[in-house]
Engineer: 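Have a look at this one before I ask anything.
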Number of protein chains: 2
Amino acid sequence: MAERPRILRLKDVAEHAGVSIATASRSLSGASGVSETLAERVREVARQLGYTANPHARSLAAGTSRSVGLVVHEIGDPYFTEIASGALRVGAREGLMVQICHTGRDPRQQLAQVRTLVASRVGAIVIAGSGFVDARLQVAVKAELQAYRAAGGRVAVIGRHHLGVDAVLPENAAGGRAIAEHVLAQGHRRLAVVTGSRALTTIADRIGGVAAAFGAAGLDFATVPQVEAEFTRAGGKVAAQTILAQHPDVTAVLALNDDMAIGILSVFRSHGIAVPGRISVAGFDDVAVAQDLAPSLTTVRLPMSEMGALALELALKEPSARPRRRVIGHGLVVRDSTAPPPAAVASERP
Amino acid sequence: MAERPRILRLKDVAEHAGVSIATASRSLSGASGVSETLAERVREVARQLGYTANPHARSLAAGTSRSVGLVVHEIGDPYFTEIASGALRVGAREGLMVQICHTGRDPRQQLAQVRTLVASRVGAIVIAGSGFVDARLQVAVKAELQAYRAAGGRVAVIGRHHLGVDAVLPENAAGGRAIAEHVLAQGHRRLAVVTGSRALTTIADRIGGVAAAFGAAGLDFATVPQVEAEFTRAGGKVAAQTILAQHPDVTAVLALNDDMAIGILSVFRSHGIAVPGRISVAGFDDVAVAQDLAPSLTTVRLPMSEMGALALELALKEPSARPRRRVIGHGLVVRDSTAPPPAAVASERP
DNA sequence: GTGAAAGCGCTAACAC
DNA sequence: GTGTTAGCGCTTTCAC
């Protein structure tokens, strides 16, 4: 009768190698206190057997795990996909498992995810999703993270949060200003800004940058229509329809992320609206496809992958007395989707 | 002196609620055997305290965890991103944590990831990455999964593997045939096929379908140039350069995934080559951006998100005596990137 | 340098 | 219904 196969335990390896389970443990975890020859023999046995340690038992016993948490708003969003790939790269390099959690931009979900991560004793937590403008939305998360850090956990965030931890700070405001100055310099005066929820610091900062450009140019930003929708391609499509219906005379649309810009381009194309002939469109982030669209997208470049990598590296470093800040420069990438507005006569209402 | 904050344990909750730790455990895990009033009181205490159970301890004790594993080749690849989003949706619905692992299309990595997942006693494993044509590359994985299943684990795969488990099977061959028939019907006779590694069943099947279309049309597929590169946008760009250099007279390019097609379109655009005016380009998968490109991409639609959801659902079901198979239909999506070839005179070599 | 044994925080028999 | 207790598989003192 065939033996019911079972998942190997450290004990099995120890027995096969003829050593105690303590020695086996030390050999496999690379701890000192075992002669190198013995350790290598044990490792060879483990390899032969195809043994992999149970990470749960391991982290229960050790009180810490070889994994880190990455909290994003939306995995399908290319912004987060690229951040995740950077973090994953660092994780792989350090032999860490990266547990990706998503919140759907819901503060309650964020708290739940952070709690799960804390409870599972991950070695570090990187919060990649934007912070919320209203600090009160994150008090619970902040408390949770403080306890976690007090217990030895490490935390880093990407973007402006009210969390008092190491942060990777993309130049959202400066980028917003740069893209707005670009279209303003091209002569556009009737713009629309397409945004996601203003409750997020990322979006608030980008809007602030756009407003600053208007102020610097002596223009009144208050007159610029702001269309808010989901911060996704689908949201961009909805916003484009709104603009067409309510602000048909705009000559440039500033979308606060590339995903929305892609949705806007799509709607404009299906309506036969020439970009940039009749309306210019700009994005933000410079996701990979931005350069492959037609027209290719003028946008603000943020090195997402490096941001993800840097955030995890910060989190893995020894904690410092005061929170570290790493400002990430932006780059204006002018492509084909923006151009000077059509001559005044061309923009008459029908 | 401030008490050093510590992470809460079940014992803390039990003490606060004035019950035994067993009762607390039962209350929180929703097990029967506790009066509803008491259970609710315990839950309320846990909520007040902000307690979250340590999943490691939980799965070590229970021998199974509330998490499942998803093995993909590449997270940055939109094909897998969409599959993951489907699986994540099901996971969230079932209260499961989805651990995403990536292999970079390396069979050794795949084995390592599966081992980690097995060792951590995930409740189910979904292998979303394509299988390998050479069954020997997966014997180790197969053995690992058999032991896992014998120990009660559940497995499902997406695509053709040699693993003998429940499978979600996209119609890769039929899709390849459909897209090839489409361009053939448009009158194209000088085609090129752009592929990723033929060691993958997904790619081999798609090529097989294309070959079948040629056979059915009485044409010789052996004369069609096949350009192999990385199965990514960057690979597509490389392939496009190759085609331009070595097969300048082709009138249609069949890329075996959309990501490559996007890279090809990008190179053609920068070379001023009209699509579909001079060369038609088709993709495969119908990723979200395919419709937003210009020209919008003719492709074969596969419902990736549903495939991911379905695969996890299969894995979560009670095991059946023989492997289940769920064939996923494809759809030909004709958009703007394909059209009849230019008149013969227009395709003369320079 | 190696082994024995005490937990890590929880679940699941098993008693009451 | 509720409490007691023996592990789950591992790491880590502590002896030897």
Side-chain angles (χ1 to χ4, degrees), chain A residues 6-43 45-46 49 51-67 115-123 151-153, chain B residues 6-43 45-46 49 51-67 115-123 151-153:
Chain A
R6 45 183 346 293
I7 294 173
L8 293 167
R9 295 159 323 199
L10 183 57
K11 191 170 174 245
D12 302 314
V13 176
E15 281 170 3
H16 274 262
V19 298
S20 75
I21 129 174
T23 299
S25 168
R26 283 190 275 252
S27 305
L28 296 175
S29 66
S32 62
V34 200
S35 69
E36 190 41 46
T37 34
L38 216 201
E40 185 46 40
R41 207 183 79 219
V42 173
R43 275 185 229 114
V45 170
L49 261 34
Y51 168 79
T52 304
N54 180 331
H56 299 304
R58 196 169 251 205
S59 61
L60 222 209
T64 142
S65 70
R66 289 303 293 167
S67 71
R115 281 209 174 130
T116 307
L117 257 13
V118 170
S120 65
R121 307 293 190 279
V122 291
Chain B
R6 45 182 348 292
I7 295 173
L8 294 166
R9 295 161 329 217
L10 183 56
K11 191 168 173 247
D12 301 315
V13 176
E15 282 171 3
H16 274 264
V19 297
S20 76
I21 132 174
T23 299
S25 170
R26 283 190 276 252
S27 305
L28 297 176
S29 66
S32 62
V34 200
S35 68
E36 190 41 46
T37 33
L38 216 202
E40 185 46 40
R41 206 183 81 219
V42 173
R43 276 185 230 113
V45 169
L49 260 35
Y51 168 80
T52 304
N54 181 331
H56 299 304
R58 197 170 252 207
S59 62
L60 185 55
T64 145
S65 68
R66 290 301 294 166
S67 70
R115 281 210 173 129
T116 306
L117 256 14
V118 169
S120 64
R121 308 291 190 279
V122 291

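Each chain gets a letter, A, B and so on, in the order its sequence line appears, and its residues count up from 1.
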Engineer: What is the distance, rounded to the nearest whole Å, between atom CZ of A/Arg9 and atom C1' of D/dC10?
Structural biologist: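 Value for this atom pair: 12 Å.
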Engineer: What is the distance, rounded to the nearest whole Å, between atom NE2 of A/His56 and atom C1' of D/dG9?
Structural biologist: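 Result: 11 Å.
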Engineer: What does nucleotides 11-16 of chain D look like as a protein-contact string, B for base, S for sugar-phosphate only, - for none, at under 4.0 angstrom between heavy atoms?
Structural biologist: BBB---
Engineer: Rounding to a whole Å, what distance do you find between B/Arg66:CZ and C/dT11:C1'?
Structural biologist: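 So the CZ-C1' distance, B/Arg66 to C/dT11, works out to 14 Å.
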Engineer: What's the closest nucleotide to the B/Arg121 side chain, out of D/dG3, D/dG9, C/dT2?
Structural biologist: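 For B/Arg121, the side-chain atoms sit closest to D/dG9.
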Engineer: Are B/Ser59 and B/Arg66 side-chain neighbours, meaning at least one heavy-atom pair lies under 4.5 Å?
Structural biologist: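 Heavy-atom side-chain distance check fails, nothing below 4.5 Å.
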Engineer: Need to verify one output field. Residue with the more 5' nearest nucleotide on DNA chain D, A/Asn54 or B/Ser32?
Structural biologist: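 Residue closer to the 5' terminus by nearest nucleotide: B/Ser32.
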Engineer: Measure the distance from NZ on B/Lys11 to P on C/dG7 and round it to the nearest whole Å.
Structural biologist: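 Distance check: B/Lys11 NZ to C/dG7 P gives 12 Å.
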Engineer: Heavy atoms only: give me the nearest A/Ala24-A/Ala14 pair and the separation to one decimal.
Structural biologist: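 Of all heavy-atom pairs spanning A/Ala24 and A/Ala14, the closest is CB-CB, 3.9 Å.
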Engineer: Any side-chain N or O of B/Tyr51 less than 4.0 Å from the OP1 or OP2 oxygen of C/dC10?
Structural biologist: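 Yes, B/Tyr51 has a side-chain N/O under 4.0 Å of OP1/OP2 on C/dC10.
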Engineer: Base, sugar-phosphate, or nothing for A/Gly33, non-hydrogen atoms under 4.0 angstrom?
Structural biologist: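 Counting heavy atoms under 4.0 Å across all strands, the contact made by A/Gly33 includes a base.
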Engineer: Send over the distance from B/Leu60 CG to D/dC8 P, rounded to a whole Å.
Structural biologist: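 My rounded result for the distance is 9 Å.
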Engineer: What's the closest nucleotide to the side chain of A/Val19 if the choices are D/dG9, C/dG3, C/dT2?
Structural biologist: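 For the A/Val19 side chain, the nearest candidate turns out to be C/dG3.
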Engineer: Determine whether B/Val19 and B/Arg41 make a side-chain contact, defined as any pair of heavy atoms from C-beta on separated by less than 4.5 Å.
Structural biologist: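 When only atoms from C-beta onward are counted, B/Arg41 and B/Val19 do touch, with a gap below 4.5 Å.
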Engineer: Please report the shortest heavy-atom distance between B/Leu28 and B/Tyr51, naming the atom on each side.
Structural biologist: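 In this case the closest contact between B/Leu28 and B/Tyr51 is CD1-CE2, 3.6 Å.
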Engineer: Just so I know, are the side chains of A/Thr52 and B/Val118 near enough to count as touching, which here means a heavy-atom distance under 4.5 Å?
Structural biologist: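 Side chain of A/Thr52 against side chain of B/Val118, heavy atoms only: no contact under 4.5 Å found.
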Engineer: What pair of heavy atoms forms the shortest contact from B/Leu49 to B/Asp12, and how long is it?
Structural biologist: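 Distance-wise, the nearest heavy atoms are CD2-O, 4.4 Å.
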